[in-house]
Amino acid sequence: MTIRLYDTSARQIRDFTPLTPGCVSIYLCGATVQAAPHIGHIRSGLNFDIMRRWFEYRGYDVTFVRNVTDIDDKIITKAADQGRPWWSIGYENERAFNSGYDALGCLPPTYEPRATGHVPEMIEMMRGLIERGHAYEADGSVYFDVRSFPGYLELSNQDVDDLRQPDEGVSGKRDPRDFAMWKATKPGEPDWETPWGRGRPGWHLECSAMAHKYLGSAFDIHGGGLDLIFPHHENEIAQAKAFGDAFAQYWVHNAWVTMSGEKMSKSLGNSVLVSEMVKNWRPIVLRYYLGTPHYRSMIEYSEESLREAESAFARIEGFVQRATEKAGSPVAPAAEVPPSFAEAMDDDLGVPHALAIIHTTVRQGNSALAADDKDEAIARLAEVRAMLGVLGLDPLDPHWAEESGGGEELHGVVDTLVRLVLQQRESARERKDWATADAIRDQLGQSGLAIEDSPDGPRWTLGNR
């Protein structure tokens, strides 16, 4: 068994070899909490949640760090515009992100450090870089000298002579290509005391310092979205390695959620907030939609594709419900997933191929149910639950059973009401009043319920919208 991952720094899929046998350390660039999350933000957390689950299934002890950037230019600007403290903006949106992660079934990280809680670690790193000749102070700010680090831009494969750093709103650089690690204080902005004067952190320094604190000088995997490769991850590498850290051994990047071919972002005005999406779509369906494409593939958002995801998941969920009813008691997930599923997941987290195996197993299970082969149906159910569990999509998992709050009780009430209506439909069928029977079925369908006539009588499931 060898897990293989696409390493951005190597530009190829590599066999994964952990630094410490049996352990995996992962640092994921988390939320910059200047606004509530859209589904593009949550996709990254979800993709790495699946990675973590697969490592754990394979027997690894996983340490998963996902940071919170709770201070940056946009947070400060919003605070000024709204007349609110900067920290209230950050905390409000941090809670919104965590609600989104939880709604879509992401496991909580091992550690979730905030940038503002790690200023001492940042000062220590800046002091070391200045002493080593890789950084300098000017006008109260501290800059990294990019030409002092020979490996700069290897991750993004750029030439330093052609480089243009994003505007950071600071002055005093010796070279426009240098980037700010610390920004001198400005009137009305939050600041902290340092040996070089009061100021606040630069974006890139935060992650280098926090990764060092929680994962040490070397760790296995650094993750994030494609948009972070430059400048953020490139600058993280420069700071950490110039400081003396080996830093990340593998770089894994997820693709975006797009709308009309553009990256989903608040600045483009095309974001789809998670808090709104979960009002109209079941969270487990959203997880299926965002988590089942390959993590390196773009997702072009549309309601049509969401409806297709809803329909596909309904086929899986319907089998799980029917087979569970046939078993007469809960069926535990199988101890191991099928070898073909494991092979797909080992190959750079090949979720689309793994999902195809789930659907094939569901079809086999449905055939067993149709043939009244209880043992075969139960065996397939156990396999399906094991595979869905790896993807965080098992509808019988307690997280999803509770997603509607009192779901079991509500299901019982609905079941009683629907059965009363179905009895009226059966009475109409018995007297050969087909028009009334069909009208009842159609009305139930318009309400989101699918009716199936089985040898044991009619049964209902949640249908497509």
Side-chain angles (χ1 to χ4, degrees), residues 8-9 29 32 34 69 71-78 80 115 119 121-192 194-212 222 224-245 247-248 251 253 263 265-268:
T8 304
S9 61
C29 283
T32 297
Q34 49 99 359
T69 298
I71 184 70
D72 86 330
D73 293 342
K74 292 180 179 179
I75 293 172
I76 293 170
T77 299
K78 283 199 169 188
V119 171
E121 289 82 1
M122 298 179 209
I123 292 173
E124 179 185 357
M125 183 165 280
M126 286 189 289
R127 182 183 286 114
L129 289 170
I130 291 173
E131 291 173 353
R132 291 170 174 80
H134 293 293
Y136 57 93
E137 180 272 337
D139 300 330
S141 296
V142 179
Y143 301 96
F144 187 90
D145 179 356
V146 299
R147 291 190 179 276
S148 73
F149 181 67
Y152 190 58
L153 300 180
E154 287 183 356
L155 182 68
S156 56
N157 197 27
Q158 298 183 78
D159 189 322
V160 69
D161 290 326
D162 299 328
L163 178 65
R164 288 182 178 273
Q165 289 280 11
D167 181 23
E168 297 179 293
V170 291
S171 61
K173 295 182 181 182
R174 296 174 183 170
D175 186 315
R177 299 168 184 82
D178 296 343
F179 62 87
M181 293 192 294
W182 190 263
K183 298 183 179 183
T185 188
K186 294 180 180 178
E189 291 189 352
D191 56 17
W192 288 260
T194 76
W196 312 283
R198 299 192 67 85
R200 61 182 176 87
W203 176 29
H204 317 299
L205 179 63
E206 300 168 354
C207 285
S208 298
M210 288 187 286
H212 179 90
H222 196 309
L226 285 173
D227 53 321
L228 298 181
I229 293 175
F230 180 82
H232 187 49
H233 289 166
E234 201 71 81
N235 292 350
E236 278 189 68
I237 292 171
Q239 292 164 155
K241 290 193 172 183
F243 184 69
D245 289 355
F247 211 50
W251 286 86
H253 292 92
K263 173 179 173 285
S265 69
K266 296 180 182 66
S267 62
L268 292 175

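Computed from a prediction, not measured in an experiment: that's the story for all the values here. In this chain, numbering begins with 1 at the start of the sequence shown.
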- [ ] For the pair His204 and Phe179, name the ring-plane relationship: parallel under 30°, tilted 30 to 60°, perpendicular over 60°.
- [x] perpendicular

Open item on the list: Return the OG to CG distance between Ser156 and Leu163, rounded to the nearest 0.5 Å.
Closed with: 8.0 Å

TODO: State, yes or no, whether a side-chain contact exists between Lys263 and Leu226 at a heavy-atom distance under 4.5 Å.
DONE: no

- [ ] Please examine the side chains of Arg127 and Glu131, heavy atoms only from C-beta on, and report whether any two atoms are closer than 4.5 Å.
- [x] yes

Open item on the list: Show the nearest heavy-atom pair for residues His222 and His233, with the distance to one decimal.
Closed with: CE1-NE2, 3.4 Å

Open item on the list: A side-chain contact here means heavy atoms from C-beta on lying under 4.5 Å apart; do Val142 and Ile130 qualify?
Closed with: yes

Task: Donor-acceptor contact present, side-chain Arg174 to main-chain Asp145, <3.5 Å - done: no

TODO: Could you tell me how the ring of Trp251 sits relative to the ring of Phe247: parallel (under 30°), tilted (30 to 60°) or perpendicular (over 60°)?
DONE: tilted

Open item on the list: Show the nearest heavy-atom pair for residues Ala135 and Met181, with the distance to one decimal.
Closed with: CB-CE, 3.4 Å

Open item on the list: If you define the side chain from C-beta out and look only at heavy atoms, does anything of Asp162 sit under 4.5 Å from Gln158?
Closed with: no

- [ ] Quick one: list whatever passes side-chain hydrogen bond (donor to acceptor under 3.5 Å, both in side chains) with Asn157, sequence neighbours left out.
- [x] none

Task: Ion pair Lys173/Asp139, N-O distance below 4.0 Å - done: no

TODO: Verify, without hydrogens or angle tests, whether Ser9 (side chain) and Leu155 (backbone) share a donor-acceptor contact under 3.5 angstrom.
DONE: no

Open item on the list: Applying ring pair (Phe, Tyr, Trp, His ring centres under 6.0 Å), can you list everything that pairs with His134, at least two apart in sequence or on another chain?
Closed with: none

Task: salt_bridge(Lys74, Asp72) N-O dist < 4.0 Å - done: no

Open item on the list: To the nearest 0.5 Å, what is the distance between CE on Met126 and CD on Gln239?
Closed with: 9.5 Å

- [ ] Specify the closest pair of heavy atoms between Ala184 and Ser141, including all atoms of both residues, with the distance to one decimal.
- [x] N-OG, 2.9 Å

Open item on the list: Side chains of Glu124 and His212 only: does a donor on one sit below 3.5 Å from an acceptor on the other?
Closed with: no

Task: Approximate separation, where rounding is to 0.5 Å, of Leu228 CG and Asn235 CG - done: 11.5 Å

Task: Spatial distance of atom CD1 (Ile229) from atom OG1 (Thr8) [nearest 0.5 Å] - done: 5.0 Å

Task: Pair Asp73 + Arg200, salt bridge at N-O below 4.0 Å - done: yes

- [ ] Can you measure from CD1 (Ile237) to NE2 (His232) and round to the nearest 0.5 angstrom?
- [x] 10.5 Å

Task: Heavy-atom donor-acceptor pair, Glu206 side chain to Thr69 backbone, under 3.5 Å - done: no

Open item on the list: A side-chain contact here means heavy atoms from C-beta on lying under 4.5 Å apart; do Ile76 and Ile71 qualify?
Closed with: yes

TODO: Could you pull out the closest heavy-atom pair between Ser208 and Ala240, with the gap in Å?
DONE: OG-N, 4.2 Å

Open item on the list: Within this structure, what is the CH2-CH2 distance for the pair Trp192 and Trp182, rounded to the nearest 0.5 Å?
Closed with: 6.5 Å

- [ ] Of all the heavy-atom pairs spanning Met125 and Leu205, show the shortest one and how long it is.
- [x] SD-CD1, 4.0 Å

TODO: Looking only at non-hydrogen atoms, find the nearest pair between Gly172 and Ala138 and report the distance.
DONE: O-CB, 3.3 Å

Task: Validation row: Arg147, Asp161 side chains within 4.5 angstrom (heavy atoms) - done: yes

